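Bear in mind the structure is a predicted one, so any value in this text is a computation, not a measurement. In what follows, every chain begins at residue 1, and chains take the letters A, B, ... in the order their sequences are listed. We use all heavy atoms of the structure for the numbers below, so side chains are in, but hydrogens, waters and symmetry mates are not.
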Number of protein chains: 2
Amino acid sequence: MSTDSELLEVWCAGSEWCPITTTATLIGKKWHPVVIHRLLENGPLGFNALKEDVDGISAKVQSDVLEDLEEHGFVDRTIVSEKPFRVEYSLTDRGRSLEPVIVAMRDWGKEHLTAPDDQ
Amino acid sequence: MSTDSELLEVWCAGSEWCPITTTATLIGKKWHPVVIHRLLENGPLGFNALKEDVDGISAKVQSDVLEDLEEHGFVDRTIVSEKPFRVEYSLTDRGRSLEPVIVAMRDWGKEHLTAPDDQ
DNA sequence: CTGTATCCACAACGATACTG
DNA sequence: CAGTATCGTTGTGGATACAG
């Protein structure tokens, strides 16, 4: 615990390679964690199946998010068939490695659930 | 574990009160988690002391972030003295309750640390 | 010391319509 | 089914200067 703190000083103070900044820059957005979470639970999923799971997201935003996640190596996009055209989104190993973060966010949210209006 | 998954279905599918959305909407931003993390480790802190800890943040952005965190009940702002004017920022109980999330983000970042340019 | 005032740039999001 | 095109709004961040 105290060893932990000392290490953090090294990384966080006086360096831009702060581990939290790294994580926050990559997935510190409104929809990224939700998409990852649904893929953790139910993946692989097609575009529309995912969209039904990620309640409230628009097709455009989901498209943007998936593109970004793929770009950073969290998500794989696989073309399953050409006719009819079907794709599947799944997490890479790197994507799955985020599970502890997503779980922690989920657990906190469970305990402090608020209506969207309160946020 | 499987009980967990069933519960998640209830909250995540077909409802906007998804626990992950709740968490992501509140702290799913670039600097919020870092500020919370520094206050967890070193708080309470004055404005400039905090700014030195949160490497790379500008005064304006830190001001914005603190205002937002205070508004949502994560941070307390206390005026310590008028002359010289000094304030202290500290986490509320609600703020401290985010520790598991922040720790998970930190641990992931430690393992996948990348230069800011790579992000 | 603790901020705010400006101004700017770009990212994120949202709604609607439309396409192969 | 799996998206994109378009447009507009808001959010987030960054730089610089200035102020009580």
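- Hydrophobic clustering (ILVMFWY, side-chain heavy atoms < 4.5 Å, transitive): B:Val75 and B:Val80 are in distinct clusters.
- Between A:Phe74 and A:His72, the ring planes lie tilted relative to each other; the angle falls in the 30° to 60° range.
- If one axis is set at each end of the helix from C:dC1-D:dG20 to C:dG20-D:dC1 from five pairs, those axes are 50° apart, to 10°.
- When each of D:dC1, C:dT4, D:dG3 is scored by its nearest atom to the side-chain atoms of A:Ser63, the top-ranked nucleotide is D:dG3.
- When side chains are defined from C-beta on, A:Tyr89 does not count as touching A:Thr78, because their heavy atoms never get closer than 4.5 Å.
- Relative to the side chain of B:Tyr89, the nucleotides C:dG3, C:dC1, D:dG3 differ in distance, and C:dG3 lies closest.
- Between B:Leu50 and B:Leu66, the closest side-chain pair of non-hydrogen atoms falls below 4.5 Å.
- When side chains are defined from C-beta on, A:Leu40 counts as touching A:Arg96, because their heavy atoms get closer than 4.5 Å.
- A straight line from CD of B:Glu70 to C1' of C:dG3 spans 13 Å, rounded to a whole angstrom.
- Here C:dC1 presents its C1' atom at 8 Å from CZ of B:Arg86, a figure rounded to the nearest Å.
- Considering only heavy atoms from C-beta on, A:Glu67 stays 4.5 Å or farther from A:Glu70 through its side chain.
- As rounded to whole Å, 11 Å separates atom P of D:dT12 from atom CG of B:Leu69.
- Put simply, CG on B:Leu66 is 14 Å from P on D:dT12, counting in whole angstrom units.
- Just one residue in the list A:Ile27, A:Val54, A:Val61 forms a side-chain contact (heavy atoms from CB on, under 4.5 Å) with A:Val35, and that residue is A:Val54.
- Put simply, CD on A:Glu88 is 9 Å from P on D:dA2, counting in whole angstrom units.
- Straight-line distance from the CD1 atom of B:Ile27 to the P atom of D:dT12: 13 Å, rounded to whole Å.
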B:Ser97/A:His112 under side-chain contact (heavy atoms from CB on, under 4.5 Å): CA gap, chis, key distance, verdict = CA-CA 10 Å; B:Ser97 74; A:His112 301 78; 3.6 Å; yes
request  = Give the B/S/- string for nucleotides 5-20 of chain C, one per nucleotide from 5' to 3', where a protein heavy atom under 4.0 Å of the base yields B, of only the sugar-phosphate yields S, and otherwise -.
outcome  = BB-----SBBB-----
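- Nucleotide D:dG3 holds its C1' atom 11 Å from the CD atom of A:Glu67, rounded to whole Å.
- Considering A:Ile20, A:Ile102, A:Leu98 in turn, A:Leu98 is the only one that fulfils the side-chain contact (heavy atoms from CB on, under 4.5 Å) rule with B:Trp108.
- Following rounding to the nearest Å, B:Arg77 (CZ) and C:dC1 (P) show an atom-to-atom distance of 15 Å.
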